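Working notes, beginning with the structure itself.
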Amino acid sequence: MNLFTHFQTAIVGLIEDLVAAGDLPHGLDVARITVEPPRDLSHGDITTNAAMVLAKPAHKNPREIAVLLAAKAEALPGVEAVEIAGPGFINMRLNKTFWQARLRDVLDASLSYGDSSFGGGVKVNVEYVSANPTGPMHVGHARGAVFGDALASLLDKAGFSVTREYYVNDAGSQVNVLARSTHLRYLEALGEDIGPIPEGYYPGDYLVPVGKALAKRDGDKWKDAPESEWLEDFKAFSIAAMMDLIKQDLDALGVEHDVFTSELDLVSAGKVDEGLAFLKEQGLLYQGVLEPPKGKLPDDWQAREQLLFKATEFGDDVDRPVQKSDGTWTYFATDMAYHLDKFRRGYASMIDVWGADHGGYVKRMQSAIKALTGGQGDLDVKLCQMVSLSENGKPFKMSKRAGTFITLRDVVDKVGKDVVRFIMLTRKNDAGLEFDFAKVTEQSRDNPVFYVQYAHARVNSVMRMAVEEMGQDVITDEAIGGADLNRLVDAAELNLIKVLAQWPRMVESAAAAHEPHRVAFYLNDVAAEFHGLWNKGKDNKSLRFIVANDKELTLARLAMIRAVANVVASGLAVFGVTPVNEMR
RNA sequence: GCGCCCGUAGCUCAGCAGGAUAGAGCACCAGAUUCCUAAUCUGGGGGUCGUGGGUUCAAAUCCCGCCGGGCGCACCA
């Protein structure tokens, strides 16, 4: 349970009682009432702004309302003390029994602790990666991949019905380039000297095996044939090969998708025409000429009449072209059709994860969705900023030509998927991220991956030690599970439990904000609290987890630290990171 | 020129749908280990939250202007 929403409901109930008793007027809006942890823990465990929010509509002094509410709040189960502070905050301190019961919650729920019905089963579509099928993934893709994957897991944990989707851009001109590049490699495989790969082709040697495969399959059949004869086939073959490559990369990263949607299929199925026909009916398409962009003018710019979508009616800055001069659809047109398709599949709530360089595209897509769904659909675009690679602070310059191009696979092979995933989630998606090969594998307090993993490992270490000291017939899962949690009364222990009990709320708020990085900071807090308590045992032997002459207390404390491992593992599961039992 | 994002301690960053005296790590200073892993912990100094207005009982948080940085600006995806 989220203890804050629990008390929010309770407080609203108290307000209703006061209304019924005539102490407060009818018709008060309680939506703005919050129950949250206070900034300063000395203020108590939970605090509410209820009195301040109600003051104006109730035509009463906030402190007056606070007095009424506080008197009733004292009787709420779990509440130990209530204080009124500042301009009208009502601060509540919860009793030991309440916290011990929360620890029981953690232990009972195990890995599912923090699962919530917050999302109410609402369908959400999260689209991420969607890298062009023209080559293996590079590090830039990794951030979006991990972010999208973690966000999807987070939403899932928070009770949304999530679909993880990948949009395959297999219809544009890029894939024609891919096909031609493969053809070159095909010629090469037949023994021709192709020389250096010309400008405008994909130079990567990942196409070499694709060319070879085609040479093996078809011999020299396409050697002198005109492009029109082999293009479609080479394209399909190359795309399939590239998607294999990408899926292998995703697999190495532990990133999964439920659905791969092909742009080509979408176009062939007539979805683009369908979507545009709808816009036309609405009178949202017209032939027009766009103003030249201000500032630096492209060299080849020329005024041209084209088919435009009235994006400005839905909040965009200019109207947007949907058709290229050769008559084919723009990327935007197919993307509109794609999002309409998602909406029709039941996803009113859509999240797209893009690179920051696509930021200029957000408004037009959102305006299109407004138009296409009559305002029923919602798109949140999460832009992921650049990842800059470095080693011991020295920036890693990436260059395809110089051969220092770093693929996703290189990074995963070097530091492991768990490190990559965790680090990618330690910053807000819209902030730049530095990935230092030396720092991310360092075993120190600086390195959040290590620090959090170490907390999990340390719990296991203590468990092993306890078995060693007290015997495996004493320290059993059953004994720990049945431990008397009332023995946990020290303030330091209760503080640790309090941090653990924040997890359900953390899941909900991070999910609501679409910000998985909050989980990383929370896990760091959990680890800090745990390491802190461990260390207190150094100064004060009575606080050690293993107390030789007190089996019951030891079992209770082992239950407590098992809960720590539980919450850490539950959080890491959202990140797709495997908790470790030993630091090696 | 326009749009989007960002500006918080010396450095790297948190700040939870506006809440009380703005936090953490690093670095710096002072400490802790015959002891469950010191791979850690405790304490201390350090901030006009870029800036000027506005809304509010309450603004780092919301709105507007300005300054500084990043990204993007038909017919590429």
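Lettering follows sequence order; numbering is per chain, from 1. Note that the structure is a prediction, hence the values are computed from the model and not measured. Every heavy atom of this structure was used, including side-chain atoms; hydrogens, water molecules and symmetry mates were not.
- Atoms CD1 (A:Ile90) and C1' (B:rC57) sit 15 Å apart, rounded to a whole Å.
- Counting only N and O atoms by type, the side chains of A:Asp378 and A:Ser349 include no donor and acceptor under 3.5 Å apart.
- When the P atom of B:rC41 is taken as reference, atom CG of A:Leu543 falls 16 Å away, rounded to whole Å.
- Listed pair A:Arg445 / B:rC41 meets the phosphate criterion, a side-chain N or O lying under 4.0 Å from OP1 or OP2.
- Atom pair A:Ile33:CD1 and B:rA58:P shows a separation of 19 Å (rounding to whole Å applied).
- Taking only side-chain nitrogens and oxygens, A:Tyr338 never comes nearer than 4.0 Å to OP1 or OP2 of B:rA77.
- Comparing B:rU37, B:rC41, B:rC16 by their nearest atom to the side chain of A:Ser461 picks out B:rU37.
- Ionic pairing of A:Lys271 and A:Asp341 is present here: one or more N-O contacts between side-chain nitrogen and carboxylate oxygen are shorter than 4.0 angstrom.
- Put simply, CG on A:Asn49 is 15 Å from P on B:rA59, counting in whole angstrom units.
- Atom name P, nucleotides B:rC6 and B:rC16: the rounded distance is 13 Å, in whole Å.
- Salt-bridge annotation for A:Lys498 and A:Glu529: absent, with no side-chain N of the basic residue lying under 4.0 Å from a carboxylate O of the acidic one.
- Residue-level contact check: A:Ser325 touches the bases, meaning some heavy atom is under 4.0 Å from a base atom.
- Taking every side-chain heavy atom of A:Arg427 into account, B:rC13 is the closest of B:rU37, B:rC13, B:rC41.
- The nucleotide whose nearest atom lies closest to any side-chain atom of A:Asn535 is, among B:rC41, B:rG3, B:rC36, B:rC41.
- The aromatic rings of A:Tyr167 and A:Tyr338 sit parallel to each other, their planes meeting at less than 30°, with 60° as the upper class boundary.
- At a threshold of 4.0 angstrom between heavy atoms, the contacts of A:Phe521 are confined to the sugar-phosphate backbone, with no base atom among them.
- Atom CG of A:Leu68 sits about 6.5 Å away from atom CG of A:Leu24, to the nearest 0.5 Å.
- Comparing A:Tyr167 and A:Asn91 by the nucleotide of RNA chain B whose heavy atom lies nearest to each, the residue mapping closer to the 5' end is A:Asn91.
- At whole-Å resolution of the value, NZ in A:Lys536 and P in B:rG43 are 8 Å apart.
- Taking each heavy atom of A:Leu553 and A:Asp550 in turn, the nearest pair found is N-OD1, 3.1 Å.
- If you check B:rC41, B:rC36, B:rU40 against the side chain of A:Trp534, the one that comes closest is B:rC36.
- Heavy atoms from other residues, nucleotides or ligands lying under 6.0 Å from CD of A:Gln287 number more than 12.
- Counting to the nearest Å, the C1' atom of B:rA77 and the CH2 atom of A:Trp354 are 12 Å from each other.
- Taking the centre and axis of the six-membered ring of A:Phe4, the NZ or CZ atom of A:Arg505 falls inside the cone set by 45° and 6.0 Å.
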What does the list of N/O pairs under 3.5 Å between the protein and nucleotides 70-72 of chain B look like, with a distance for each?
from	atom 1	to	atom 2	distance (Å)
B:rC71	O2'	A:Ala356	O	3.3

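- Considering only side-chain N and O atoms, A:Lys428 lies under 4.0 angstrom from the phosphate OP1 or OP2 of B:rA14.
- For A:Glu165 and A:Lys342, the salt-bridge test fails: no basic side-chain N is under 4.0 Å from an acidic carboxylate O.
- For RNA chain B, runs of at least 3 consecutive pairs of the Watson-Crick or G-U wobble type, with both hydrogen-bonding distances under 3.5 angstrom, map to B:1-7 with B:67-73, B:10-13 with B:23-26, B:28-32 with B:40-44, B:50-54 with B:62-66.
- For the pair A:Phe260 and A:Met243, the minimum side-chain heavy-atom distance is below 4.5 Å.
- A donor atom on one side chain and an acceptor atom on the other are not found under 3.5 Å apart for A:Ser388 and A:Glu434.
- Syn is the conformation of B:rA17, whose glycosidic angle sits no further than 90° from 0.
- Nearest to the side chain of A:Asp446, among B:rG25, B:rU37, B:rG19, sits B:rG25.
- Side-chain proximity of A:Met52 to the nucleotides B:rA77, B:rC57, B:rU40 is greatest for B:rC57.
- If you take CZ of A:Phe118 and P of B:rC16, they are 15 Å apart, rounded to a whole angstrom.
- For A:Ala528 and A:Thr426, each mapped to the nucleotide of RNA chain B holding its nearest heavy atom, the one lying further toward the 5' end belongs to A:Thr426.
- Between A:Pro448 and A:Phe422 the shortest side-chain heavy-atom distance falls below 4.5 Å.
- Of the candidate nucleotides B:rA77, B:rA17, B:rU40, B:rU40 has the atom nearest to the side chain of A:Tyr454.
- Counting only heavy atoms from C-beta on, A:Lys56 has its side chain closest to B:rU56 among B:rC36, B:rU56, B:rU40.
- Rounded to whole angstrom, the span from the CE atom of A:Met92 across to the P atom of B:rG19 amounts to 17 Å.
- Within 4.0 Å (heavy atoms only), A:Arg39 reaches at least one base atom of the nucleic acid.
- Here the separation of B:rC11 from B:rC71, taken at their C1' atoms, is 24 Å to the nearest Å.
- Spacing between B:rA38 and B:rA32 at atom P, rounded to whole Å, works out to 16 Å.
- Counting distance only, with no hydrogens placed and no angle test, the side-chain atoms of A:Thr34 and the base atoms of B:rA17 include no donor-acceptor pair under 3.5 Å.
- Closest to the side chain of A:Gln174, out of B:rA20, B:rC76, B:rC41, is B:rC76.
- OP1 and OP2 of B:rC11 both lie 4.0 Å or more from every side-chain N or O belonging to A:Lys439.
- A:Arg544 comes within 4.0 angstrom of a nucleotide base, judged by non-hydrogen atoms across all strands.
- Residue contacts shown for A:Arg458 are limited to sugar-phosphate atoms, with no base heavy atom under 4.0 Å away.
- Between A:Tyr451 and A:His531, the ring-plane angle classifies as tilted under the 30° and 60° cut-offs.
- Residues meeting the side-chain hydrogen bond (donor to acceptor under 3.5 Å, both in side chains) test with A:Glu515, sequence neighbours left out: A:Arg518.
- With P as the reference atom, B:rC41 and B:rA9 are 24 Å apart, rounded to whole Å.
- Rounded to whole Å, the P atom of B:rG23 lies 13 Å from the corresponding atom of B:rG46.
- Distance check on atom C1': B:rA60 versus B:rU56 gives 16 Å, rounded to whole Å.
- Comparing the same atom, C1', in B:rG1 and in B:rG54 gives a spacing of 27 Å after rounding to whole Å.
- Across all strands, A:Val459 comes closer than 4.0 Å to no nucleic acid atom at all (heavy-atom distances).
- For A:His517 and B:rG15, the shortest distance from a side-chain N or O to OP1 or OP2 is below 4.0 Å.
- Taking the P atoms as reference points, B:rG25 lies 12 Å from B:rU40, given to the whole Å.
- Which of B:rA20, B:rA58, B:rG3 sits closest to the side chain of A:Arg32 comes down to B:rA58.
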